[in-house]
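A quick write-up on the structure given underneath.
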2 protein chains.
Amino acid sequence: MNSRTARLKSIKRIISEYHVTSQEQLLAFLKKENVSVTQATLSRDLKLLKVGKVSDGNNGYYYTLPRNRKEMESTQQYIHDIARGFLCISFSGSLCIMKTLAGHANSVASALDNLEMDEVLGTIAGDDTILVVLKENLTSKQFIASLKSIIPELEIE
Amino acid sequence: MNSRTARLKSIKRIISEYHVTSQEQLLAFLKKENVSVTQATLSRDLKLLKVGKVSDGNNGYYYTLPRNRKEMESTQQYIHDIARGFLCISFSGSLCIMKTLAGHANSVASALDNLEMDEVLGTIAGDDTILVVLKENLTSKQFIASLKSIIPELEIE
DNA sequence: TCACATTTTGTATGTTTATTCATGTTAAAA
DNA sequence: TTTTAACATGAATAAACATACAAAATGTGA
């Protein structure tokens, strides 16, 4: 194992074990384990590991590892499938109709299912049309906002 | 509604709707809605809203709202309950024994249940002792690391 | 209304994180 | 082996974000 790989491993462990709040602090932890790098490298490492920084619910922030890679990658895949097939969307109460490219309804609907959005109760797909049943009282605006936040490249309206 | 409250609302909406990657970008979004503030204020607003910054799974980072406040606060409560009662921990295979202050076993165990850690299959509490059944193949080290990452103030070993 | 406290904000500046650029290192190709 | 390309790193620096402090805005009790 080369030094970079070892360092990345250490970083993961340290981040999962402590509430690390800055790269400087992480640097200190690594130093204690005789790993010596500069802040610049840590910045690159954290990006590589896709480490995020979230609130401790109190007044500070700490680094977090992303949900595991598999899960992440498949999410990306679903998003891609939806963006690929999606054409337009319309609503009637809690029912939502999505039109897709011919033959894409199934892939889009199944991707939508797999995303397990709270807002979606279920889907039925034809060939180029999907019926999405939404949670009661959810407005079309809210659902569109959620979709957009997950799939920024979606062009709605 | 005063201007600050309105602004916070706008920020939440914008962040949930777009992949905002910097305060400068957020500033631009707000400007389009005729909300005029400085970066300094946004920094404070984001901290107030406990907004985090996470990987887009690709190569960038964007702001995210925290899980809803209720959930967050109750999590903090559980953590507090555990830290309050916890004394020490020991292991035998996938079984873990936690000793707590007299009478605290129940509150600690129920808090532990409520945290819904993947690692924990179930708990049984007496008066000052809890039996925690862990997922198979989980090492005591791993479990302790998880606990510490959730409850940094815990002093183990 | 005034006087006073509290909150919110901008400016200036400090701190933290990301990037550029030069250099070293490793791995593959010839 | 030498050459070349890709990658990894540190130093310096730029960009992004946070904060101290003063001023402005807002609230509160008389």
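Numbered from 1 within each chain, the chains take letters A, B, ... in sequence-line order.
Close to D/dC17, at under 4.0 Å from its OP1 or OP2, lies no side-chain N or O of B/Ser43. Taking only side-chain nitrogens and oxygens, B/Tyr63 comes nearer than 4.0 Å to OP1 or OP2 of D/dC17.
In this structure, the CG atom of B/Leu48 is 15 Å from the C1' atom of D/dT19, given to the nearest Å. Taking atom CG of residue A/Leu49 and atom C1' of nucleotide C/dT17, one finds them 16 Å apart after rounding to whole Å. Note: OH (B/Tyr62) to P (C/dA18) measures 17 Å, nearest angstrom. Nucleotide D/dA8 holds its C1' atom 11 Å from the CG atom of A/Leu8, rounded to whole Å. Rounded to an integer number of Å, the gap from CG of A/Leu46 to C1' of C/dA18 is 11 Å. Between B/Lys47 atom NZ and C/dT16 atom P there is a gap of 12 Å when expressed in whole angstrom units.
Every residue two or more places apart in sequence or in another chain was checked for a side chain to side chain donor-acceptor pair (under 3.5 Å) with A/Ser22, and none qualifies. In this structure, B/Asp81 has no salt bridge (charged side-chain N to carboxylate O under 4.0 Å, His left out) partners at least two apart in sequence or on a different chain. The side chain to side chain donor-acceptor pair (under 3.5 Å) test applied to A/Arg84 returns no partner, not counting sequence neighbours. Annotation: ring-ring contact (aromatic ring centres under 6.0 Å, His included) contacts of A/Tyr63 (sequence neighbours excluded): none. Shown here are the side chain to side chain contact (heavy atoms under 4.5 Å, CB included) partners of A/Gln39, two or more places apart in sequence or in another chain: A/Gln23, A/Ser43. Residues passing the side chain to side chain donor-acceptor pair (under 3.5 Å) test with A/Thr64, sequence neighbours excluded: none.
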Exercise for review: Sugar-phosphate atoms are those with a prime plus P, OP1 and OP2; base atoms are the rest. Using that split, label each nucleotide of nucleotides 9-14 of chain D B, S or - for protein heavy atoms under 4.0 Å, 5' to 3'.
Suggested key: BBB---
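Across D/dT19, C/dT16, D/dC17, the shortest atom-to-atom separation from the side chain of A/Lys53 is found for C/dT16.
Evaluation of the salt bridge (charged side-chain N to carboxylate O under 4.0 Å, His left out) test over residues 30-42 of chain B, restricted to residues two or more places apart or in two chains, returns B/Arg13-B/Glu33.
Using a 4.0 Å heavy-atom criterion, one finds that A/Tyr61 contacts no nucleic acid atom at all.
The hydrophobic cluster around A/Tyr61 extends to none of the other residues, as no ILVMFWY side-chain heavy atom falls under 4.5 Å of it.
The local environment of CD1 in B/Ile124 is sparse, with at most 12 non-hydrogen atoms from other residues, nucleotides or ligands closer than 6.0 Å.
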Please tabulate, for the side chains in residues 88-108 of chain B, all donor-acceptor contacts under 3.5 angstrom to protein atoms that are two or more places apart in sequence or on a different chain.
{"from": "B/Lys99", "atom 1": "NZ", "to": "B/Thr129", "atom 2": "OG1", "distance (Å)": "3.0"}
{"from": "B/Thr100", "atom 1": "OG1", "to": "B/Ala105", "atom 2": "N", "distance (Å)": "3.1"}
{"from": "B/Ser107", "atom 1": "OG", "to": "B/His104", "atom 2": "O", "distance (Å)": "3.0"}

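In the hydrophobic clustering of ILVMFWY residues, with side-chain heavy atoms under 4.5 Å counting as a link, B/Leu49 and B/Leu27 come out together.
At a non-hydrogen distance threshold of 4.0 Å, nothing from residues 19-35 of chain A comes into contact with DNA chain D.
Summary of helix geometry: the two end axes of the helix from C/dT1-D/dA30 to C/dA30-D/dT1, each defined by five base pairs via their C1' atoms, are inclined to each other by 30° (rounded to 10°).
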